[in-house]
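Small disclaimer: the values here were computed from a predicted structure and weren't measured. In what follows, chains are A, B, ... by sequence order, proteins preceding strands, each numbered from 1.
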Amino acid sequence: MPVFPDAIQSLVDELRKLPGIGPKSAQRLAFHLIVAGKPAINKLISSLEEARDRVGYCSVCGNLTESDPCPICQDSKRDRTLICVVGYPKDVLAIERAGGYRGLYHVLHGYIEPLKGVGPEDLRTKELLARLGPGSPVKEVILATNPDVDGETTALYLAKVLKPLEVRVTRLARGLPFGADLDYADEVTLARSLEGRREVT
Amino acid sequence: MTLASLYLHDFRNYAHLELSLTPGVSLFFGKNAQGKTNLLEACYYLSTLTSPRAERDLDLARWGTDRFTLGARLTEPDQTSYIRIDTIVRPALRRRVLIDDRPAKRPELVAHFPCVYFSPDDLYMVKRGSSLRRRFLDSLLSRLDPGYARELSRYEDTVTRRNAILKKAFMSSSWDKTLEGLDQILIDSGSAVLNRRLSLMSTFSGQVSDTYRFISGDECSVSYSSSLGDLSGSREDTARLFREKLASIRAEERNRGVTLVGPHRDDISITFGDKTVRYFGSQGEQRSVALALRLAEARALEERLMRKPVLLLDDVFSELDESRREKVLSLCDFGHQILLTSTDPVPIAGSNVRMYAVGEDTVKPL
């Protein structure tokens, strides 16, 4: 039963491949674009092309960038003794948004996922070790992986690999979220918060 | 706390049903496949957001519909409260839970309206392998302690990942290091799970003995039996034992490609003296033990939540003798509200019993 012209159907099919877009949303977007007309579509096409041609990965940290090395790696005001290791470029964005961190990053492009057969060699681990080689200014590596089993596994693997090097390895604290009620915190979270307690100064 | 009325909309075979209930015993009788069990199932869903028998919420919506609504009115001497749950099952599962018109999560629901469900299939908890007994314990613990479910799923996630690596034909040194990390998480989360289970069992085993003695007049004993051996030490001792055990069976785990020790291989052992009930108990004894486990569950919930759980007893009379039936019914004298199903209008003595005829997708009080 052909409902749409072929050209619209293939547009819908392409849009559906995007994350977070279901069949209904894909249809809505397709119709919106068709109705919006040529100028809007041309603008979208040219920004897609621009993104495709100008954005790549930073050869140092692996983050998305238009210049290589990326602005963060080039920034002389950033603390070169600190590297924060994250899973994906979006995590860099999250930490930057939080503010307060002035060190460098290293993006792994994934986590160790035994269920998908993704091992340490499939991530940018060799590149991380290269940054920590002899003469490196880095004194501390912060492991900022997700607090799930794959994130934890990745952090523990990196901790083992980094151990022989003369570098401090830390990971993000886990515990009570800000604004939470102590009374309502479950025992696991509370126990973790106790383990990770800090001196008040 | 009394479940004073129950409301079902597009749930199972009921298009629309409103039912008033009273404290004491409510007996629902009717032929097979008329929807007696569905009433108890609705109550349990109102308490836990899970069905005791359907795997997916999709099966709970009435045939041809995409959503269902359940409601309950609960009365206490000084106040009345309302629970309402809207569940959309298609295209994606979405649920809205309201207690007195305020959004609520599962732990609040369990604490507000605790229920215990007994089904004839509970016999298999006693009769069959260890997985149903672990599931029983895990289900109880996750209602007593919301953090438990999270720790358990962290443990289970670790086991499946560990198994995937153990199954590899060739173990590179980087996978080997990954496995070391997973061992660390396995021991950490596994010890946390064990710790909770053991701390529950320290009171729960006595409660099961008590409820079994209450039902049958006989003795039975219940204890936690771990694949790690003797766990009487501290949590640190347990973690050390876990580590040693893993080291000693590493070769066998590599051969078989699965994690061979830990809480996912543990069991609850139920015995009469030195005889295992699973192998030596009669059918009637096994059924009484299953019921004792459920009644002990009610006690454990009551102690933690300070509320008497409603007892939902599905077809419990079919295999109990007269004296045991009376014992079960006497529980309402201790303040429990009881909802029962039966294929016959069993004559039950007592003034606090109300009968309901179930048939043709409706329920009529007699």
task = Evaluate the criterion side chain to side chain contact (heavy atoms under 4.5 Å, CB included) for residue pair Leu156(A) and Thr178(B); output intermediate values, then yes/no.
result = CA-CA 8 Å; Leu156(A) 289 171; Thr178(B) 305; over 6 Å; no
inquiry  = Using a 4.5 angstrom heavy-atom cutoff, name the option from Asp150(A), Thr154(A), Asp148(A) with the most pairs to chain B.
reply    = Asp150(A)
key: Separation between OG1 of Thr153(A) and CZ of Arg161(B), rounded to the nearest 0.5 Å   = 7.0 Å
query = Which pair of non-hydrogen atoms, one from Lys160(A) and one from Gly181(B), has the smallest distance, and what is that distance?
reply = CE-N, 3.8 Å
inquiry  = Can you tell me which portion of Arg154(B) sits under 4.5 Å from chain A's heavy atoms? Options are side chain, backbone, both or neither.
reply    = both
inquiry  = I need the minimum non-hydrogen distance between Trp175(B) and Val118(A), along with the two atoms involved.
reply    = CH2-O, 3.4 Å
key: Flag if over 12 foreign heavy atoms under 6.0 Å of CZ, Arg174(A)   = yes
task = Mind listing the closest non-hydrogen atom pair of Ile185(B) and Val149(A) along with its distance?
result = CD1-O, 4.1 Å
inquiry  = Using heavy-atom distances under 4.5 Å, tell me whether Asp188(B) contacts chain A through its side chain, its backbone, both, or neither.
reply    = side chain
ask   = More than 12 non-hydrogen atoms from neighbouring residues, nucleotides or ligands closer than 6.0 Å to NZ on Lys167(B), yes or no?
value = yes
task = Measure Arg162(B) against the heavy atoms of chain A and call it side chain, backbone, both or neither at under 4.5 Å.
result = neither
inquiry  = Take a 6.0 Å sphere around CZ of Arg102(B) and say whether it holds more than 12 heavy atoms from other residues, nucleotides or ligands.
reply    = no
inquiry  = Atom CD of residue position Glu49(A) - does it have more than 12 heavy atoms of other residues, nucleotides or ligands inside 6.0 Å?
reply    = yes
query = Just wondering, more than 12 heavy atoms not from Asp101(B) lying within 6.0 Å of its CG?
reply = no
ask   = Is the number of heavy atoms from other residues, nucleotides or ligands under 6.0 Å of Arg197(A) CZ greater than 12?
value = no
side-chain contact (heavy atoms from CB on, under 4.5 Å) partners for Ser153(B), two or more places apart = none
query = Looking at CG of Leu182(B) and OH of Tyr157(A), how far apart are the two atoms once the value is rounded to the nearest 0.5 Å?
reply = 13.0 Å
